[in-house]
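Chain A is the first sequence line, chain B the second, and so forth, proteins listed ahead of strands; every chain is numbered from 1.
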Amino acid sequence: MVLDADLAQATKTCLFAKEHPDRFFDCGIAEGNMMSVAAGIASTGTIPFVSSFAMFAAGRAFEQVRNSVAYPHLNVKIGATHAGITVGEDGATHQCCEDFALMRVIPGMTVICPADGPETYAAVEAALKWDGPVYLRFGRFAVPEVTAGEGVAPFEIGKGRLLREGSDVTIVAIGYMVHLALEAAEILAAEGIFAEVIDLHTLKPIDAELLVKSVEKTGAVVTAEEHNIIGGLGSAVSETLAENRPVPVERVGVRDTFGRSGKVPQLLELYGLTSAEIVTRAKAAIARKN
Amino acid sequence: MNQAEKTVLAETANRVRIGILDGVYNAGCGHPGGSLSIAELLTYLYFKEMKIDPANPKAADRDRFVLSKGHTAPALYATLAERGFFPVEELKTLRKIDSRLQGHPDMKGIPGVDMSTGSLGLGISAACGMALAGKTAGKDYRVYTVLGDGESEEGQVWEAAMFAAHYKLDNLVAIVDWNGLQIDGTVEEVMNPTPHNLKFSAFGWNVISINAHDFDQIEAAFAAARQVKGKPTAIIAKSIKGKGVSYMENAVQWHGAAPKEDLYRVGLADLGLSPEEIEGRFKQNG
């Protein structure tokens with residue numbers, strides 16, 4: 001069953017509604033109720049996908065996600081769209097840069113943010129088969145395909161994907177920032193700096209093995225996320241490395257501020273979510289190696 | 001319902017009340033007031049109304065119950081134990097570190113608990129989800145939920161009320177335990193949620209008002225709910241908070257407090273235990 005909260009046209013659950021009208025339920029503008037309804041559905045053995053904007057799925061309905069869904073570890077899949085700053089003109093109230101933090105702190109929650117179209121399909125399929133609650137974070141802005149190439153490992157929840165091998169610095173990126181990480185690696189390569197690029201689509205459970213293996217080679221990390229640098233990818237990677245293999249970490253992301261209205265490219269520039277910023281931080285991380 | 005049947009139910013409800021008191025006393029904390037007020041409702045649900053099997057608590061086609069006012073878990077646990085989902089003796093472990101009887105209902109650990117609840121307003125929505133899933137799957141099970149009157153101050157209750165009426169969940173019955181008291185005072189003083197009957201009616205529900213302690217009225221209400229098609233039913237059940245324990249009746253301070261030994265003894269006597277039975281309890285407890 002699929003549930004939405006009066007955003008089916010924007011989240012695109014309207015496509016499912018058209019195909020399967022008997023299994024689509026609009027819950028109206030009442031996200032808290034929707035999330036607990038999903039828990040009730042899941043308790044009967046049917047898997048519900050629940051969709052709304054990230055701000056409302058993770059923010060408004062946080063407590064319902066925690067208490068109705070996650071505490072009983074129910075099989076609810078949350079498809080949260082329009083996450084991050086790339087919502088654009090709607091501005092700060094809708095630009096959720098806190099959802100990674102909110103979802104990843106909940107025990108037993110799996111948190112995934114795909115980098116492109118093919119990875120999104122794979123993530124949704126994998127979430128359906130995964131036992132337990134899953135938070136899927138999607139952006140609004142179009143992105144180039146970066147995970148469909150030869151040599152990219154098949155999608156697996158909890159396993160990061162090595163998109164480019166390198167020796168000098170590891171760029172760990174998630175979601176929208178993955179293609180910018182690849183751009184940054186190109187720029188660095190032109191300067192003789194070889195960056196490894198990891199698409200860490202699953203923020204939780206985090207792929208500690210892959211991270212440690214990579215930094216043992218490179219000795220420095222840059223994280224890149226369309227999220228507050230507090231509580232998201234930068235935090236998760238820092239925590240993991242601090243405990244397992246401490247190396248210099250630089251974080252690219254929204255630097256603890258609210259967004260604003262504007263064209264997406266302007267916003268990305270304003271908040272430093274660019275390949276140029278990744279390059280700058282990569283060099284800073286390398287400079288901090290002993 | 002004949003008199004003999006009514007007597008059996010009343011005796012069962014009384015044992016549920018004793019279980020509530022045993023649990024809360026041994027825990028040294030908990031919520032006796034709103035537990036005692038729903039003893040007849042839960043007794044009727046679990047012993048007469050619901051299609052359930054303690055030997056198969058996860059049966060796919062069973063009727064479901066959600067205690068939306070999850071803090072009154074002592075009542076649910078005492079009822080489940082009486083019904084045979086787990087030993088009555090276990091009620092004394094309520095809220096203790098090695099017990100599965102959590103302070104609020106935990107569906108992962110406790111046989112017979114259909115939904116984890118405790119945060120007010122969430123349970124009725126989960127009950128809506130169960131009812132919707134049942135209808136969608138073509139199953140004929142029914143879903144019951146008990147709400148607090150104070151709980152209905154939560155906005156989510158009315159989101160759920162809208163939802164249930166919109167999707168014509170006639171397999172759903174929500175019972176409002178109208179005991180009139182919440183932590184900070186009477187519901188009218190704190191944030192008046194009444195009149196529940198008119199509000200649920202305005203939201204599109206079939207509404208029945210009853211005395212929460214009268215088995216004839218309870219039976220009639222559930223029977224009437226079964227006949228209604230296309231609408232969920234709300235049963236507004238006027239109750240006495242703390243019912244059955246003299247000093248707890250209509251006394252707001254017993255919303256969330258446990259009696260010490262002297263008052264525990266008084267409560268057990270109120271519930272009909274003989275002096276010997278009460279003494280025996282202390283010997284048992286060691």
For A:Ile206 and A:Leu211, run side chain to side chain contact (heavy atoms under 4.5 Å, CB included): C-alpha distance rounded to whole Å, both residues' side-chain angles, the deciding distance at 0.1 Å, then the answer.
CA-CA 9 Å; A:Ile206 198 163; A:Leu211 290 173; 3.9 Å; yes

Using atom types as modelled and distance alone, determine if a side-chain donor or acceptor of A:Thr202 lies under 3.5 Å from a backbone N or O of A:Gly158.
yes

Highest number of heavy-atom pairs under 4.5 Å with chain A among B:Cys128, B:Ala131, B:Ala160 belongs to B:Ala160

Please list every donor-acceptor pair closer than 3.5 Å that links chain A with chain B, giving the two atom names and the distance for each.
from, atom 1, to, atom 2, distance (Å)
A:Asp26, N, B:Tyr167, OH, 2.9
A:Asp26, O, B:Tyr167, OH, 2.7
A:Gly32, O, B:Gln156, NE2, 3.3
A:Asn33, N, B:Glu159, OE1, 3.0
A:Asn33, OD1, B:Ser125, OG, 2.6
A:Ser36, OG, B:Gln156, NE2, 3.0
A:Glu63, OE1, B:Ser119, OG, 3.2
A:Glu63, OE2, B:Ser119, OG, 2.2
A:Gln64, NE2, B:Gln156, OE1, 2.5

A:Lys204 NZ to A:Ile112 CD1 distance, which is reported to the nearest 0.5 Å:
12.5 Å

Just grab all the side-chain hydrogen bond (donor to acceptor under 3.5 Å, both in side chains) pairs involving residues 95-107 of chain A, residues at least two apart or on different chains.
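Every side-chain hydrogen bond (donor to acceptor under 3.5 Å, both in side chains) pair that includes a residue of residues 95-107 of chain A, provided the two are not neighbours, is A:Asp99-A:Tyr135, A:Asp99-A:Arg137, A:Arg104-A:Glu239.
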
Apply the test side chain to side chain contact (heavy atoms under 4.5 Å, CB included) to residues A:Phe100 and A:Cys113: give CA-CA distance (whole Å), side-chain angles for both, the deciding distance (0.1 Å), then the verdict.
CA-CA 9 Å; A:Phe100 280 156; A:Cys113 178; 3.7 Å; yes

So A:Phe62 and A:Ile106, side chain to side chain contact (heavy atoms under 4.5 Å, CB included) or not? Walk me through it.
CA-CA 10 Å; A:Phe62 170 78; A:Ile106 298 175; 3.6 Å; yes

